[in-house]
Amino acid sequence: MKIATWNVNSLKVRQQHVIDWLELSHVDVLCLQELKMPDEKFPRAELAEKGYRSWFAGQKTYNGVAIIVRDGIEVDETQIVRNIPGFADEQQRLIALTVGGARIVSAYFPNGQAPGTEKFAYKLRWLDALAQWLKDELHVHPKLALLGDYNIAPEDRDVHDPKAWEGQNLVSPEERAAFFKLVELGLVDAFRQFEQPEKTFTWWDYRMLAFRRNAGLRIDHILLSPELAQACTLCEVDKTPRKWEQPSDHAPVIAQLG
DNA sequence: ATGGCAATGAGACATTGA
């Protein structure tokens with residue numbers, strides 16, 4: 001089973017990119033973030049026509065997450081989860097579903113704006129609640145994958161210019177500590193299980209020709225429970241759709257399980 | 001320190017993102 005995550009920065013604008021990339025990449029499960037649309041606008045029928053079922057938690061203007069599954073892959077939706085259980089949140093940032101026997105979590109972590117702000121405090125609270133929930137979830141589902149836009153670059157090698165970024169939002173010690181709390185639960189960064197090209201990133205600012213200069217960050221991740229990490233044979237960033245016309249500022253990350 | 005760009009809602013420009 002091939003799984004992937006992609007922050008599309010508006011599914012309305014990127015709908016055709018998603019359909020084209022599903023065909024191109026042959027992924028079985030695609031987790032999306034930043035749909036920026038209410039549920040009634042989700043292109044369920046268009047995706048169904050192409051051979052995919054969709055589960056989503058959307059809202060107007062901001063946030064919104066989805067899991068898209070290729071027909072023929074077994075889905076158990078009896079234990080579908082929207083948002084972090086026990087964490088009251090107006091913002092639609094998480095959806096979880098059992099696909100092909102694995103617990104698949106699609107998550108859009110808060111941006112945080114800047115250390116010291118109320119949004120940053122919310123980001124840390126959200127991360128804390130996520131870790132608490134995952135601790136239990138991992139016991140129930142030993143095969144678990146947490147895919148999404150984490151809005152955290154875990155290490156300096158995930159940052160194009162670590163000096164310039166030092167202490168800033170997305171790389172601050174508090175955020176990185178929260179990331180490694182997830183690792184302490186037993187989750188494994190699938191990308192780092194394999195040899196990777198230097199300076200591989202998943203997000204590049206639209207401005208200042210950042211993509212052309214490869215001035216990016218690796219903030220989109222696939223974390224796997226030990227059982228799935230063992231089964232994982234490949235993890236890579238696909239920069240292809242970032243080169244298409246009117247792209248999302250993020251590139252998708254893919255992991256092959258088994 | 002600020003802007004650069006893109007998307008949204010609204011119907012000009014403020015807000016958010018990362």
Side-chain angles (χ1 to χ4, degrees), chain A residues 5-18 31-43 56-66 89-94 106-127 130 147-179 191 199-222 237 239 241-253:
Chain A
T5 180
W6 193 9
N7 179 325
V8 288
N9 184 22
S10 168
L11 182 57
K12 182 185 165 196
V13 176
R14 239 65 69 183
Q15 180 178 322
Q16 195 57 48
H17 281 202
V18 168
C31 296
L32 298 179
Q33 299 87 38
E34 284 212 84
L35 308 179
K36 296 187 173 180
M37 58 169 52
D39 287 347
E40 58 268 27
K41 293 271 177 69
F42 190 94
F56 42 87
Q59 70 183 92
K60 199 177 172 182
T61 313
Y62 303 115
N63 310 309
V65 288
D89 198 350
E90 300 285 297
Q91 306 181 30
Q92 302 300 311
R93 295 184 173 278
L94 185 139
S106 177
Y108 175 47
F109 292 43
N111 171 282
Q113 194 175 50
T117 63
E118 172 48 41
K119 284 177 185 165
F120 191 82
Y122 163 70
K123 182 178 194 172
L124 295 181
R125 283 201 306 278
W126 193 93
L127 277 155
L130 176 68
L147 307 92
D149 174 2
Y150 285 54
N151 271 316
I152 302 172
E155 300 177 77
D156 278 354
R157 60 178 165 162
D158 301 313
V159 181
H160 72 280
D161 186 347
K163 274 256 167 19
W165 277 86
E166 193 174 0
Q168 301 221 41
N169 195 44
L170 313 182
V171 309
S172 75
E174 298 101 308
E175 292 162 82
R176 285 179 169 177
F179 178 89
F191 182 80
K199 301 186 188 304
T200 299
F201 306 123
T202 65
W203 170 84
W204 302 261
D205 200 304
Y206 283 121
R207 300 162 289 187
M208 302 186 296
L209 305 171
F211 184 65
R212 219 167 74 183
R213 296 188 293 119
N214 195 31
L217 302 176
R218 191 175 72 95
I219 55 176
D220 300 84
H221 308 293
I222 300 178
V237 177
K239 284 164 75 168
R242 187 64 177 77
K243 298 168 187 165
W244 293 345
E245 205 167 314
Q246 205 180 2
S248 166
D249 43 357
H250 294 252
V253 184

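Heavy atoms only: backbone and side chains are in, while hydrogens, waters and symmetry mates are out. Keep in mind the model is a prediction, meaning the values are calculated, not measured. All chains are named by letter (A, B, ...) in the order of the sequence lines, taking the proteins before the strands, and each is independently numbered beginning at 1.
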Taking atom [atom1] in both [N] and [M], what distance in whole Å separates the two?
{"N": "dT2(B)", "M": "dT15(B)", "atom1": "P", "answer": "16 Å"}
{"N": "dG3(B)", "M": "dA18(B)", "atom1": "C1'", "answer": "15 Å"}
{"N": "dG4(B)", "M": "dG17(B)", "atom1": "C1'", "answer": "14 Å"}
{"N": "dA10(B)", "M": "dA6(B)", "atom1": "P", "answer": "23 Å"}

Gap between atoms CG and P, on L209(A) and dA6(B) respectively (whole Å): 10 Å

Nearest whole Å is fine: how far is dT2(B) C1' from M208(A) CE? 11 Å

With sequence neighbours left out, what residues match [X] under side chain to side chain donor-acceptor pair (under 3.5 Å)?
{"X": "K36(A)", "result": "N9(A)"}
{"X": "T202(A)", "result": "D220(A)"}
{"X": "E155(A)", "result": "R157(A)"}

Hits for ring pair (Phe, Tyr, Trp, His ring centres under 6.0 Å) against F109(A), two or more places apart or cross-chain, chain-then-number order -> W126(A), Y150(A)

With sequence neighbours excluded, residues passing ring pair (Phe, Tyr, Trp, His ring centres under 6.0 Å) with Y62(A): none

Ignoring backbone atoms, establish whether T61(A) has a side-chain N or O less than 4.0 Å from OP1 or OP2 of dA7(B). no

Can you tell me whether the base of dG4(B) sits syn or anti, using the 90° cut around 0 to define syn? syn

Is it true that R125(A) and E118(A) make a salt bridge, defined as a side-chain N closer than 4.0 Å to a carboxylate O? yes

Under a 4.0 Å heavy-atom criterion, the protein footprint on nucleotides 11-18 of chain B, written with B, S and -, is -----SSB

Base, sugar-phosphate, or nothing for Q168(A), non-hydrogen atoms under 4.0 angstrom? nothing

